[in-house]
Structure formats: structure tokens, C-alpha cells
Protein chains: 2
Amino acid sequence: MSQSETIRDAILDAAEARARAAGYNGFSFRELAADVGIKSASVHYHFPTKSDLAHELMERYRTKALDFLGEPASADAALDRIVLLFRQAALESEMCLCGALGVSSAALPPLVQTSAARFSRTLVDWLKHAPDAGRDLPFPPEAIVALLEGALLLSVTARDPAFFERATLPLNP
Amino acid sequence: MSQSETIRDAILDAAEARARAAGYNGFSFRELAADVGIKSASVHYHFPTKSDLAHELMERYRTKALDFLGEPASADAALDRIVLLFRQAALESEMCLCGALGVSSAALPPLVQTSAARFSRTLVDWLKHAPDAGRDLPFPPEAIVALLEGALLLSVTARDPAFFERATLPLNP
DNA sequence: GTCTATAATTTGATAGAC
DNA sequence: GTCTATCAAATTATAGAC
């Protein structure tokens, strides 16, 4: 936790790391509290319920992704950028939060279900609205996002970042 | 549970359904026991620990997949077959067990980590050894499996089976 | 805002009777 | 093989003092 960070942000940072590694049922208020250096009752002060926390976590993750992606000048640039977004995760063997939560969508609180689904839709829409996307993208936006998410999932499953590169070769023409 | 099924198989059936919906931390011995109609102590008789159960579950899932895939006569036939394997899951909004467990690989018992990784490697190898795979497959085997797994993951996340079809269009030339 | 204390429930796992 | 009974630990969440 950096000096100028609020406690809320520090809690979300800890939650993001743990949720990406272990999913919705894989982190607890006590663990987050210990990570941040407070007690679990204080975490509940900032986020009354676990679904509140996960929902806000997912929305923050979506905003951060859009900030990173920016406004691409071309379809090629957009493709490069979104590949980089997933490659960075693969290099650290960290799953995408959307996949980490969405994989158990059926077992999630409704609010979290919705925000996980919104993340993937946001990525597809962002690709779809890149300049000349319809003409210059090598595949439909849905296929590109699915390939990236699947390549990351399997590289995490195999604990082998190199798998990501082999699986995404078709995106480098 | 069908008449000729052993209790072991019935337990594994219940575990498969719950693990695919909610992941490794998303099912309990008590829930499986209730599904099958016995007590949790009896489940422990058949599977001493949870990692024993999940490991055997993952291995059975892999064997069933290989049985379904069979021995394809051509690369085209292999591609059709593996697409069908994932499409069936997508139509029921059921995640692949490998993805459901592997997504939290870092939090899994070592034995389960290994068997989840083995499943995805098995699919890639199966595609790789299809007749004339190197010449006739439209993409590298890693890319095909990643695209299928990612398309399924996002269709489950979005609770929209149609997403799977849009994302896998590049596999239907 | 953070704490102590605790409630109510669930979890994986074991002992021992039958 | 299945059961009852139980344990020790962990879970989400709340009440109320400071």
C-alpha cells in the first residue's frame, strides 16, 4: 500500500490479487484485513458485504483496463494494445479478474454476475469501435477477446506463460 | 443416479456438476452427500480428502473427453469434433471442468493442479496428432483450444450461449 | 474509522458403533 | 459401507465501545 493510497484502495488491491488467484470463494475478509493491517470488522465498515466489495472491485478493474487501452489510432494499434493487456497478465501468471469471477458465474451474487459480464462486453465493444475495425481486424472482436481470455486461462492452468504466446500467434500476422 | 451406477460414480457426477458451476471451493462433502443421498462421512470413505476427489474427478473428465473425441479420420473431422465438445457445454451454460478448476490453479492442491494442466495438454496433443494436422488445421492447436476454452468461459460469464457461436466463427471456414 | 467480542453457519476431516 | 457424533477451524456479518 503506497503512502497516498486510501484504505479503500488498499483493500481493493488486496482483494484483486486474491480474487484473481483464487476466485470469489477464495478470499476472506480476514485475509484482506491482514493484508492491509487492520481487522476484518474494519473491512466491513468500507464494504458492508462481500458482494459490494466484489462488485466495486470488478468495476474498478474495468475502468483501469479502459484507461490502459486508451483511444487507438487504428485497428492494428487496438489489437496490439489489447494483446499487451493480456500478455502482461500471462507473464505474471495472473488470471484476468473477469475470468476468475465469471467462470463461476452461476454461483455469484447477482450484482457480481452483472459486473463480470459487463467487463467482457466492454472489451468487445472497445475493439468493435476501433477505427476501421470491421475492415482491418483479422477476426471478429468476440473471437479476439475469447482467444486472449482462453490463452490466459490455459497459460495459468498450465503454469506456463509461454503457452500464451503460442496460442496467440494467429493475432500477429 | 442411474440403477447400475456405483456410489463412487454418483459422487463424482454430483461433484462434477458442482465443481463446473462453482469451482474447487464451491462444493462441499456435505452437499455431495445430500445430492447422492448419504452422509458426508460416507463420502470420505470413498474419497479420503477433497484433493483425492478432485484429482479423480479431473482424470475421469479427461478420459470421457478422449472417448467422445475418438480417432478422427482427418484434421477437418478433428476440428468439428472438438468444437462440438465445447459447444455442448456452451449450450448448457456449463463450464469446462479444466477451466473451472484451472482458473484458480495457484490455490489448488498440487495433485489437482497437475491433473487440470494435463487435461488442456491432452486436448492440444490430440489435435496435434490428427491426420495432416500441420497442413490442414486453420490455426495452431494451442490457438484452437484456447479459443474454444475462452469462448466457453465468456459465454458462461455473459450467460449467453450465442456468444460462443460468434466467438468461434473463425473455426468454421 | 477502528477496535473487541461474538453470533450463526459451514467447512474438511476423524473416531467409533453397527 | 454407512451411520452418529463431534472436532477444530474458518466463514460472513453485526453490536457496541472508544
Side-chain angles (χ1 to χ4, degrees), chain A residues 1-58 100-101 104 106-113 115, chain B residues 1-58 100-101 104 106-113 115:
Chain A
M1 157 179 170
S2 70
Q3 296 100 338
S4 61
E5 194 180 39
T6 69
I7 291 280
R8 276 181 73 87
D9 287 332
I11 293 170
L12 289 173
D13 288 345
E16 181 177 320
R18 289 191 179 271
R20 290 174 71 177
Y24 186 80
N25 288 323
F27 69 95
S28 69
F29 278 77
R30 273 175 174 76
E31 287 172 326
L32 302 185
D35 289 343
V36 173
I38 56 177
K39 296 296 176 177
S40 72
S42 303
V43 180
H44 279 284
Y45 168 81
H46 294 281
F47 304 96
T49 71
K50 195 174 182 179
S51 66
D52 290 329
L53 197 165
H55 170 67
E56 187 155 328
L57 182 60
M58 197 68 243
L101 299 185
S104 301
L108 290 177
L111 198 63
V112 187
Q113 236 176 59
S115 45
Chain B
M1 160 177 169
S2 71
Q3 295 100 338
S4 61
E5 196 180 38
T6 68
I7 290 281
R8 276 182 72 88
D9 287 333
I11 293 170
L12 290 174
D13 289 345
E16 182 177 320
R18 289 190 178 272
R20 290 174 72 176
Y24 185 80
N25 288 322
F27 68 96
S28 69
F29 278 78
R30 275 174 175 75
E31 287 171 326
L32 303 185
D35 290 342
V36 173
I38 56 178
K39 297 295 176 179
S40 73
S42 302
V43 180
H44 278 284
Y45 169 80
H46 294 281
F47 304 96
T49 70
K50 195 173 183 180
S51 66
D52 290 329
L53 197 166
H55 169 69
E56 187 156 328
L57 181 60
M58 196 68 244
L101 299 185
S104 301
L108 291 176
L111 198 63
V112 186
Q113 237 175 59
S115 46

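In what follows, chains carry the letters A, B, and so on, assigned in the order in which the sequence lines appear, proteins first and then strands, with residues in each chain numbered from 1.
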Can you list the steps and then say if L12(A) with F47(A) is a side-chain contact (heavy atoms from CB on, under 4.5 Å)? CA-CA 10 Å; L12(A) 289 173; F47(A) 304 96; 3.7 Å; yes
Starting from the C-alpha separation in whole Å, work towards a yes-or-no answer on side-chain contact (heavy atoms from CB on, under 4.5 Å) for F29(A) and S42(A). CA-CA 9 Å; F29(A) 278 77; S42(A) 303; over 6 Å; no
side-chain contact (heavy atoms from CB on, under 4.5 Å) between T49(B) and H44(B), worked out: CA-CA 7 Å; T49(B) 70; H44(B) 278 284; over 6 Å; no
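Across residues 21-29 of chain B, not one residue has a non-hydrogen atom less than 4.0 Å from an atom of DNA chain D. Applying a 4.0 Å cut-off to non-hydrogen atoms, the residues of residues 42-51 of chain A that approach DNA chain D are H44(A), T49(A), K50(A), listed by residue number.
Along DNA chain C, the nucleotide closest to I38(A) and the one closest to R30(A) are compared, and the more 5′ of them pairs with I38(A).
Taking atom CD1 on I11(B) and atom C1' on dT2(D), their separation rounds to 11 Å, with Å as the unit. Atom CD of E31(A) is separated from atom C1' of dA9(D) by 13 Å (rounded to the nearest Å). Between the CG atom of L53(B) and the P atom of dT11(C) there is a distance of 14 Å, rounded to whole Å.
Applying the salt bridge (Lys or Arg N to Asp or Glu O under 4.0 Å) rule to pairs touching residues 37-47 of chain B yields nothing, sequence neighbours excluded. Within the structure, the salt bridge (Lys or Arg N to Asp or Glu O under 4.0 Å) test picks out the following pairs touching residues 45-58 of chain A (sequence neighbours left out): R8(A)-E56(A).
Across L57(B) and A19(B), no two heavy atoms sit closer than the pair CD2-CB, 4.3 Å. The two residues H55(A) and V112(A) make their nearest non-hydrogen contact at N-CG2, 4.1 Å. Residues Q113(B) and L108(B) approach most closely at NE2-O, 3.4 Å, considering heavy atoms.
Considering only heavy atoms from C-beta on, D13(A) stays 4.5 Å or farther from V36(A) through its side chain. Under the 4.5 Å side-chain criterion, counting only non-hydrogen atoms from C-beta, R18(B) is in contact with D35(B). With contacts defined as side-chain heavy-atom distances shorter than 4.5 Å, the pair I11(B)/I38(B) qualifies.
Side-chain atoms of S28(A) come within 3.5 Å of backbone atoms of E31(A) as a donor-acceptor pair (strictly under, hydrogens ignored). Side-chain atoms of S104(B) never come within 3.5 Å of backbone atoms of L101(B) as a donor-acceptor pair (strictly under, hydrogens ignored).
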Tabulated below should be each protein N or O lying under 3.5 Å from an N or O of nucleotides 15-18 of chain C; please produce it.
none

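Among dC3(C), dT11(D), dA13(D), the nucleotide with an atom closest to any side-chain atom of K39(A) is dC3(C).
DNA chain C forms stems at C:1-18 with D:1-18, each a run of 3 or more consecutive Watson-Crick or G-U wobble pairs whose two key distances fall under 3.5 Å.
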